[in-house]
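Along the sequence shown, residues carry numbers from 1.
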Amino acid sequence: MGKFLYPVDTDQFAEIRELGKLYVDKTGLIYDLVNKFKYVFLARPRRFGKSLLCNTLKAYFQAQKELFEGLEIMQLEKEWKQHPVLHFTLSGLKNVTVAEAKSKLEDLIYDYEQIYGSNPLRKTPGARFRDLIHNAYKATGEKAVVILDEYDAAIMRLLYEPEKRDAMRELLKEFYQVLKDEGAYLRFVFITGVTKFSQLSIFSEMNNLFQISMIDEYSGICGITQEELNTVLRPCVEEYAEALNITTEKAYALLKKNYDGYHFSPRGEEVYAPFSLLRALNDRSTKHYWFETGTPSALLEHLKRYPITSALDYDGVDVFENEFSIPCEDAITAMPLLYQSGYLTIASCDTELNLYRLKIPNNEVRKGLIDCLMPIILNRTLSDNNGLLIALARASLAGNLSDALTALRSYIAKIPYDIITKAEWEEKGGREAFYKLLFYMAFSLLNSIVDTEVKSVLGRADVVIKTKSDVFVLELKVDDTAENALAQIDSKGYAIAYEADGRKVTKCGVSISAEARNITHWIATDAHGNIIDEQKFA
């Protein structure tokens with residue numbers, strides 16, 4: 001056991017503090033937030049610490065001062081005024097009928113009615129909620145605080161079922177309207193979710209919500225920032241490095257590659273996925289936890305409405321904000337859902353043009369996506385994919401590019417011909433796009449073991465594989481020659497950046513024949529252009 005107790009099994013602030021578990025101090029941001037705004041909405045992906053933030057707010061407004069000893073807020077808050085807190089976690093409304101959702105909502109209200117009283121004449125959830133706020137104020141003499149966690153749980157799976165979605169919306173409409181109407185009795189309202197829905201009346205009824213989701217100042221309010229990892233969590237990283245028998249610098253690189261990469265605002269702080277990061281530190285591993293803690297069934301259900309490859313198509317794409325932050329039910333592509341669910345994030349922003357580049361945030365998410373999509377796109381099993389991964393990794397680490405390409409060629413040969421329809425295959429660019437996608441997915445899998453850079457399928461199809469002793473630079477051409485692919489590496493200078501780092505550089509042009517539907521020729525040269533391997537297939 002290590003020296004640190006990681007909160008990998010709880011999101012309860014009180015439990016974390018009472019048991020001495022690791023807590024990264026966000027209370028300075030919390031104090032700033034609650035003293036600037038009254039109605040706040042925050043969207044973040046699942047497993048990103050939203051519930052812990054809600055529970056921290058609850059403890060603060062309940063004036064549980066003893067839980068905050070040693071935290072930044074103790075230097076800021078002087079009054080510690082106690083408010084009645086109405087905290088509703090709406091995850092229980094997921095995957096239920098409207099009638100079941102109404103019953104569950106009433107149960108949540110009932111729990112607080114036992115504390116503050118109820119009026120038997122009030123029959124609807126909205127009417128009971130209104131009375132509850134009034135009664136809480138009368139009982140305590142202080143305005144109420146309302147916290148709604150996972151507000152979109154009831155709607156998420158109804159995105160493409162408009163009748164059911166509208167019925168659920170009507171149920172919730174009255175409930176959310178109360179929050180706007182009863183502002184005189186409310187001190188603070190905080191609402192979290194994964195996605196933004198314009199037709200869910202939380203937004204149409206509550207036009208006074210301040211959305212902090214893309215505000216630079218609050219970009220690190222959930223998750224772990226690089227600065228926090230470098231400072232308060234550095235002893236944890238050092239312990240992690242010691243357990244893995246690697247240097248602290250190597251440990252930082254591993255954690256960054258696997259769990260970092262999230263940006264939620266144009267100039268905001270870079271953020272690590274907190275659950276995955278803390279699990280890795282706790283387990284002393286580099287496992288992938290993103291899909292382990294929630295199956296991608298909902299994602300796949302949504303992607304079925306669009307080209308299934310769209311989860312990868314947007315890796316590296318340049319878009320305006322209104323293309324990825326719009327309400328999901330108004331979207332004509334999968335991009336808003338992928339961004340708001342955490343499968344894409346902001347890579348960079350041109351503030352002059354207000355143009356954003358999106359990317360898959362890290363290796364953990366990329367590997368999970370590809371493991372999930374490859375059986376669907378290529379009709380290959382997880383065992384097939386793992387076999388390819390093992391072969392590619394062994395060959396790359398041994399410095400044997402020929403064996404790696406032979407393994408890939410064998411994998412391609414087993415892909416059924418009917419994966420792509422005849423029309424798609426004959427469409428201009430269809431063949432090249434398919435093989436670029438295949439290379440992208442195959443070498444992205446390799447990135448879980450070997451440092452691999454793969455360009456987006458929207459860009460050129462070059463691949464860079466980096467091991468301790470070798471750098472391989474590959475370029476793919478479909479229905480073109482391996483010589484031309486190799487010439488492009490040289491003309492574009494793809495290998496120049498690696499020639500001075502002491503490793504052996506190999507350049508390789510790869511040719512695929514659409515008629516043969518496989519790799520038919522490759523030429524590999526050293527950094528000076530001398531041919532070191534060439535293979536041709538009929």
Verdict with reasoning, K104 to D107, per salt bridge (charged side-chain N to carboxylate O under 4.0 Å, His left out) | CA-CA 5 Å; K104 289 177 178 291; D107 288 343; over 6 Å; no

Derivation of the side chain to side chain contact (heavy atoms under 4.5 Å, CB included) call for Y31 and Y60 | CA-CA 9 Å; Y31 180 83; Y60 167 71; 4.0 Å; yes

How would you list, by chain and number, every residue that makes a salt bridge (charged side-chain N to carboxylate O under 4.0 Å, His left out) with E323, sequence neighbours excluded?
-> none

Report yes if the side chains of I465 and L474 come closer than 4.5 Å at any heavy-atom pair, otherwise no.
-> yes

First locate atom CH2 of W290, then atom CG of N362, and finally report the distance between them rounded to the nearest 0.5 Å.
-> 8.0 Å

Out of curiosity, L148 CG to L179 CG, how far, rounded to the nearest 0.5 Å?
-> 6.0 Å

From CA spacing to verdict: ring-ring contact (aromatic ring centres under 6.0 Å, His included), F88, F129 | CA-CA 11 Å; F88 300 94; F129 187 32; 5.6 Å; yes

Any side-chain heavy atom of I191 within less than 4.5 Å of one from Y39?
-> no

Can you check side chain to side chain contact (heavy atoms under 4.5 Å, CB included) on S341 and R46, steps first, answer last?
-> CA-CA 7 Å; S341 299; R46 64 185 177 84; over 6 Å; no

Qualifying residues under side chain to side chain donor-acceptor pair (under 3.5 Å), relative to Y218, sequence neighbours excluded | D32

Taking every non-hydrogen atom, the tightest pair across T225 and G220 | CG2-CA, 4.0 Å

Is a side-chain donor or acceptor of K50 paired with a backbone partner of P45 at a separation under 3.5 angstrom?
-> yes

Does E100 have any salt bridge (charged side-chain N to carboxylate O under 4.0 Å, His left out) partners at least two apart in sequence or in another chain, and if so, which?
-> none

Taking C-beta and beyond as the side chain, do Q340 and D152 meet within less than 4.5 Å on heavy atoms?
-> no

Of L5, I16, L233, the residue whose pairing with L22 passes side-chain contact (heavy atoms from CB on, under 4.5 Å) = L233

Can you find a pair of side-chain heavy atoms, one from M168 and one from L158, that are under 4.5 Å apart?
-> yes

Among F324, F48, Y356, which one satisfies ring pair (Phe, Tyr, Trp, His ring centres under 6.0 Å) with F264?
-> F48

Might you work through the side chain to side chain contact (heavy atoms under 4.5 Å, CB included) test for T192 and L53, ending with a clear yes or no?
-> CA-CA 10 Å; T192 80; L53 178 58; 5.8 Å; no

Return the orientation label for the F190 and F188 ring planes: parallel under 30°, perpendicular over 60°, tilted otherwise.
-> parallel

Taking atom CZ of F443 and atom CD1 of I370, what is their separation to the nearest 0.5 Å?
-> 12.0 Å

Test item: K38 side-chain N/O and L186 main-chain N/O as donor-acceptor pair under 3.5 Å | yes

Not counting sequence neighbours, which residues clear salt bridge (charged side-chain N to carboxylate O under 4.0 Å, His left out) with E161? List them please.
-> K164

Residues that S325 engages under side chain to side chain contact (heavy atoms under 4.5 Å, CB included), provided they are two or more places apart = M214, E321

Are the side chain of Y240 and the backbone N or O of S285 linked by a donor-acceptor pair below 3.5 Å?
-> yes

Rounded to the nearest 0.5 Å, what separation is found between the CG atom of L93 and the CG atom of L171?
-> 7.5 Å

Modelled atom types, side-chain donor and acceptor of Y23 and T27, under 3.5 Å | no

Using the test side chain to side chain contact (heavy atoms under 4.5 Å, CB included), find all partners of D350 that sit at least two apart in sequence or belong to another chain.
-> E352, L353, L355

Side chains of residues 245-254: which donor-acceptor pairs under 3.5 Å do they make with residues two or more places apart or in other chains?
from, atom 1, to, atom 2, distance (Å)
T247, OG1, K250, N, 3.0
Y252, OH, L229, O, 2.9

D283 meets the salt bridge (charged side-chain N to carboxylate O under 4.0 Å, His left out) criterion, sequence neighbours left out, with R279

Closest non-hydrogen atom pair between G268 and D216, with its separation = N-OD1, 3.0 Å

Does atom CD of E227 have more than 12 heavy-atom neighbours, drawn from other residues, nucleotides or ligands, at distances under 6.0 Å?
-> no

Could you tell me the separation between the CG atom of L277 and the OH atom of Y6, rounded to the nearest 0.5 Å?
-> 8.5 Å

Salt bridge (charged side-chain N to carboxylate O under 4.0 Å, His left out) contacts touching residues 7-18 (sequence neighbours left out) = D9-K21

Would you indicate whether the side-chain heavy atoms of L438 and I415 approach each other to under 4.5 Å?
-> yes

Step through the shown structure and confirm whether more than 12 heavy atoms of other residues, nucleotides or ligands are within 6.0 Å of NZ on K466.
-> yes

L57 and I147, any side-chain heavy atoms less than 4.5 Å apart = yes

List the steps, then state whether side chain to side chain contact (heavy atoms under 4.5 Å, CB included) holds for R47 with S276.
-> CA-CA 8 Å; R47 289 296 195 176; S276 297; over 6 Å; no

With side chains defined as the heavy atoms from C-beta onward, is the minimum distance between T56 and F68 less than 4.5 Å?
-> yes

List the atom of L392, the atom of A404, and the distance in Å for their closest heavy-atom pair.
-> CD2-O, 3.3 Å

Minimum-distance pair of heavy atoms, taken over all atoms of D25 and G28 | OD1-N, 4.3 Å

Evaluate the side-chain proximity of I215 to S265: yes if any heavy-atom separation is below 4.5 Å, no if none is.
-> no

Worked verdict on E228 versus K26 for salt bridge (charged side-chain N to carboxylate O under 4.0 Å, His left out) = CA-CA 10 Å; E228 289 164 342; K26 306 289 185 179; 3.0 Å; yes

Does T351 have any side chain to side chain contact (heavy atoms under 4.5 Å, CB included) partners at least two apart in sequence or in another chain, and if so, which?
-> R267, C349

Distance only, no hydrogens: is a donor on one side chain within 3.5 Å (strictly under) of an acceptor on the other, for T89 and D149?
-> no

Contact summary for D384 and Y411, nearest pair of heavy atoms = O-CE1, 3.9 Å

Closest non-hydrogen atom pair between L446 and L389, with its separation | CA-CD1, 3.6 Å

Listed by chain and number, what are the side chain to side chain contact (heavy atoms under 4.5 Å, CB included) partners of A347, not counting sequence neighbours?
-> R357, K359

When rounded to the nearest 0.5 Å, the distance separating CG of L281 from CG of L255 is 5.5 Å

Listed once per pair and sorted, the salt bridge (charged side-chain N to carboxylate O under 4.0 Å, His left out) pairs that draw on residues 252-261, sequence neighbours left out | K256-D260, K256-E270

